[in-house]
Amino acid sequence: MELPPPLPRAFHARSAIDLAPALIGTLLLHDVDGMILAGTIVETEAYLGPADRASHARAGRTRRTGPMFGPPGHAYVYRLYGMHWAFNVVAHTEDEEAGAVLVRAVLPVAGIEEQRRRRGRPTDRAERLAAGPARLCQALGISGEDGGRDLVAGPPLWIAAGTATGALLQGPRVNVAYAGDPWAALPLRFGLAGSPSLSRGFPGAASPASRRTTGGPDE
DNA sequence: TGATTGATGTACT
DNA sequence: GTACATCAATCAC
């Protein structure tokens with residue numbers, strides 16, 4: 001398998017609001033000891049700078065959130081609930097202080113058996129192996145060691161153009177009620193309509209957004 | 001120095 | 001539908 005080249009820095013150098021939908025349909029790849037674990041991104045959420053009460057950047061720049069304030073196209077990986085990892089792509093404009101896109105779900109496309117093994121759920125359907133932010137980190141072998149990694153530099157961890165197309169779903173972000181109005185209700189979550197790999201449904205997003213994802217003629 | 005809190009997933013009723 | 005595992009970062013004194 002020919003490894004697809006990473007998308008350039010310019011792809012990531014925009015507001016998380018813009019990158020989140022653009023990432024739907026692209027490929028997330030991880031080279032682990034020569035084994036490629038990869039999936040098509042089907043669900044993302046945008047987190048903005050300090051003004052966003054749902055964003056980790058709300059407390060300003062700290063040790064944990066440092067990468068969110070750094071150059072776009074890098075990984076921001078953090079521990080969640082003391083036991084899970086979550087993977088973000090740093091994204092913001094020159095004018096924005098910070099921002100990142102949480103990748104919530106991928107459809108596994110390479111190294112599926114290894115992903116199943118890493119999940120420890122040998123009977124799970126491939127479509128559900130990485131249907132959730134913590135699940136995808138476990139399936140693709142992403143952990144704290146990957147925090148700060150440059151996703152534009154190619155292996156071991158990078159993002160490449162994908163071929164998936166389809167309508168986009170848009171809705172409120174998941175589990176951010178603590179942020180209060182208006183942040184908890186803003187439609188900053190994006191998903192590939194009809195994908196079997198979404199982490200959960202899209203309440204309040206009945207009609208697909210009129211947009212296409214990147215790429216060609218394939219599903 | 002101590003207390004609270006999650007950008008979740010799994011098991012169970 | 002509910003309970004709960006588990007801990008670094010952050011917040012309250």
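Predicted model only: the values in this text are computed from it and were never measured.
- When hydrophobic side chains of Ile, Leu, Val, Met, Phe, Trp and Tyr are connected at separations under 4.5 Å, L129(A) ends up clustered with I112(A).
- Residue pairs meeting the side chain to side chain donor-acceptor pair (under 3.5 Å) criterion with at least one partner in residues 149-161 of chain A, sequence neighbours excluded, are R9(A)-D150(A), D146(A)-R149(A).
- Going from the P atom of dC12(B) to that of dT6(C) covers 15 Å, rounded to whole Å.
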Show me the side-chain donor-acceptor pairs of residues 67-81 of chain A shorter than 3.5 Å, one per line, residues at least two apart or across chains.
{"unit_1": "H74(A)", "atom_1": "ND1", "unit_2": "G148(A)", "atom_2": "O", "d": "3.2"}
{"unit_1": "Y76(A)", "atom_1": "OH", "unit_2": "H56(A)", "atom_2": "ND1", "d": "2.8"}

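- Within the structure, salt bridge (Lys or Arg N to Asp or Glu O under 4.0 Å) contacts touching residues 90-99 of chain A (residues at least two apart or in different chains) do not occur.
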Name every donor-acceptor pair, under 3.5 Å, that has one atom in a side chain of residues 27-35 of chain A and the other anywhere in the protein, sequence neighbours excluded.
{"unit_1": "H30(A)", "atom_1": "ND1", "unit_2": "L140(A)", "atom_2": "O", "d": "2.6"}
{"unit_1": "D31(A)", "atom_1": "OD1", "unit_2": "G34(A)", "atom_2": "N", "d": "2.8"}

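- For S199(A), the side-chain contact (heavy atoms from CB on, under 4.5 Å) test picks out E43(A), R104(A), R189(A), with sequence neighbours left out.
- Once you apply a 4.0 Å limit to the heavy atoms of chain A, the touched nucleotides of DNA chain C run 5' to 3' over dA5(C) to dC11(C).
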Practice item. Encode nucleotides 4-13 of chain B as B, S and - characters from 5' to 3', where the letter depends on protein heavy atoms closer than 4.0 Å: B to the base, S only to sugar-phosphate, - to neither. Key: --BBBSSS--

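- The C1' atoms of dT10(B) and dA8(C) are separated by 22 Å, rounded to the nearest whole Å.
- Considering only residues two or more places apart in sequence or on other chains, R125(A) meets the salt bridge (Lys or Arg N to Asp or Glu O under 4.0 Å) condition with E127(A).
- Although no hydrogens or angles enter the test, the distance criterion places a donor-acceptor pair under 3.5 Å between the side chain of Q115(A) and the main chain of A110(A).
- Residues meeting the side-chain contact (heavy atoms from CB on, under 4.5 Å) test with P187(A), sequence neighbours left out: Q170(A).
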Check your understanding: So what is the 5' to 3' dot-bracket string for DNA chain B, if pairs are Watson-Crick or G-U wobble with both distances under 3.5 Å, crossing pairs use [ ] and | means the partner sits on another strand?
Key -> ||||||.|||||.

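- Every residue two or more places apart in sequence or in another chain was checked for a salt bridge (Lys or Arg N to Asp or Glu O under 4.0 Å) with R135(A), and none qualifies.
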